[in-house]
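Right, one structure below, let's go through it.
Numbers here simply count residues along the sequence, with the first being 1. Order of listing sets the numbers, starting from 1, for every ligand and every atom in it.
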Amino acid sequence: MEVEVVIAEFLTSAAGPSGWPAAGPPEIAFAGRSNVGKSSTINALCARRGLALVSSTPGKTRLLNFFRVVPKDGPELRFVDLPGYGYAKVNKSERAAFQALVEPYVKRRETLAGVVALCDPRREPGAEEHDLLEWLDAAGRPAVVAATKIDKLARHERKPTLERLRAALALRRAPVGLSATTREGLDELWARLLSLAAAVRRAQAGEPA
Ligand code: GTP
Ligand code: MG
């Protein structure tokens, strides 16, 4: 399914709950280690260069960044670029600040439809990835796992690598193999995001799942 985005615009940055925009359309958040490709994935999904800032210095995003996204044939959404976690140079107090920023959002935001958990398929998933998925599960938030920068893997390595990642993270479905550079996997990710958003909308309308 190819999704054309007609409007993609930055809404606001928030340093805490008081900075969140009023709840509106279903939100999809993007989480993962610094430098994994969160902002690049948002830009690629929206086909906009420079919508979310792609940093050459990892770990720069210290706020929740909200974007308004209107697909041509679909309902309006928001994308939320979360700060990167697990960056080695981040010290303890910065890590605590990260949790203070992200936890309330993931736990309390009523319009949060799901979280895209981005992983680098070239490395073994570590405690960060496991913790994130466990934590989302405990919070009752659906997760879509996507493996970024898949263009860096040779074609024949891709399927076995995604399968290893699926097994390592005990996932029901294989992760989406994604490349912001070649645009592989974007249609599949869009399909999964739209179905999450539809589930939230049905729940808000009081309809059965
Ligand atoms: P922080 O905001 O610092 O946490 O990083 P991020 O997760 O938002 O990553 P970002 O999108 O800024 O990308 C980090 C680097 O990876 C940049 O240099 C990107 O150009 C590069 N990158 C992102 N996606 C891809 C991809 O699909 N393929 C390749 N080859 N490079 C990518
Ligand atoms: Mg970023």
Side-chain angles (χ1 to χ4, degrees), residues 2-3 5 8-15 19 27-69 78-91 94-103 105-106 114-123 125-129 131-133 135-136 143-159 161-162 165 174-190 192-193:
E2 200 167 329
V3 174
V5 171
E9 60 189 16
F10 172 73
L11 278 177
T12 190
S13 293
E27 292 173 357
I28 306 280
F30 294 77
R33 285 172 190 267
S34 284
N35 207 43
V36 74
K38 298 175 294 295
S39 304
S40 300
T41 298
I42 288 176
N43 291 340
L45 285 167
C46 297
R48 302 287 195 286
R49 262 170 224 283
L51 176 66
L53 290 184
V54 173
S55 50
S56 44
T57 328
K60 271 281 154 73
T61 315
R62 294 274 196 272
L63 299 165
L64 307 191
N65 291 307
F66 291 79
F67 300 91
R68 175 177 179 233
V69 178
R78 285 178 187 163
F79 284 173
V80 183
D81 198 355
L82 299 178
Y85 59 82
Y87 183 56
K89 287 186 186 154
V90 172
N91 64 31
E94 281 184 273
R95 203 161 291 195
F98 164 83
Q99 275 171 355
L101 192 57
V102 175
E103 273 195 27
Y105 174 78
V106 169
V115 177
V116 181
L118 299 172
C119 300
D120 182 342
R122 294 169 301 164
R123 48 190 298 288
E128 282 86 350
E129 283 77 18
D131 288 355
L132 174 67
L133 292 177
W135 182 58
L136 292 174
V144 174
V145 178
T148 55
K149 310 187 191 182
I150 202 79
D151 56 284
K152 295 200 177 188
L153 292 176
R155 279 195 184 275
H156 71 273
E157 291 174 326
R158 293 181 191 176
K159 215 173 158 191
T161 303
L162 292 177
L165 191 57
V176 182
L178 210 62
S179 169
T181 307
T182 64
R183 308 189 54 76
E184 280 169 86
L186 293 175
D187 293 351
E188 189 189 346
L189 183 55
W190 258 123
R192 294 213 202 173
L193 300 188

Which residues pass the salt bridge (Lys or Arg N to Asp or Glu O under 4.0 Å) test with R49, not counting sequence neighbours? none
Modelled atom types, side-chain donor and acceptor of D151 and T182, under 3.5 Å: no
Answer yes when E9 and R48 have at least one side-chain N-carboxylate O distance shorter than 4.0 Å, and no when they do not. no
Need the ligand 1 atom indices (1-based, order shown) with element for anything under 4.0 Å from a heavy-atom of G84. 4 (O)
Does the N or O separation between S40 and ligand 1 drop below 3.5 Å for any pair? yes
So, regarding I150 and ligand 1 (criterion: nitrogen or oxygen to nitrogen or oxygen, under 3.5 Å), is there a contact or not? no
Would N35 count as a polar contact of ligand 1, with the cut-off being nitrogen or oxygen pairs under 3.5 Å? yes
Check the orientation of F30 and F79. Use parallel for under 30°, tilted for 30 to 60°, and perpendicular for over 60°. perpendicular
Can you check whether T181 has an N/O within less than 3.5 Å of an N/O in ligand 1? yes
Close-contact set for ligand 1 against S34 heavy atoms, below 4.0 Å: 4 (O)
Are any of the N or O atoms of T41 closer than 3.5 Å to those of ligand 1? no
Return yes or no for this condition: an N or O of P83 is under 3.5 Å from an N or O of ligand 1. no
Might you point out which heavy atoms bring S40 and A180 nearest each other, and give the distance in Å? O-CB, 3.7 Å
Step by step, would you call E184 with K149 a salt bridge (Lys or Arg N to Asp or Glu O under 4.0 Å)? CA-CA 10 Å; E184 280 169 86; K149 310 187 191 182; over 6 Å; no
Near the Mg ion (ligand 2), is there an N/O/S atom from S39 that is less than 2.8 Å away? yes
Side-chain ion pair, R183 and E2, N-O less than 4.0 Å: no
Is the closest N or O pair between A180 and ligand 1 shorter than 3.5 Å? yes
Side chain of K38, backbone of G32: donor and acceptor closer than 3.5 Å? yes
Where does D151 meet ligand 1, judged by heavy-atom distances below 4.0 Å: at the side chain, the backbone, both, or neither? side chain
Would you tell me which option among K38, K149, K152 has the nearest heavy-atom contact to atom 21 (C) of ligand 1? K149
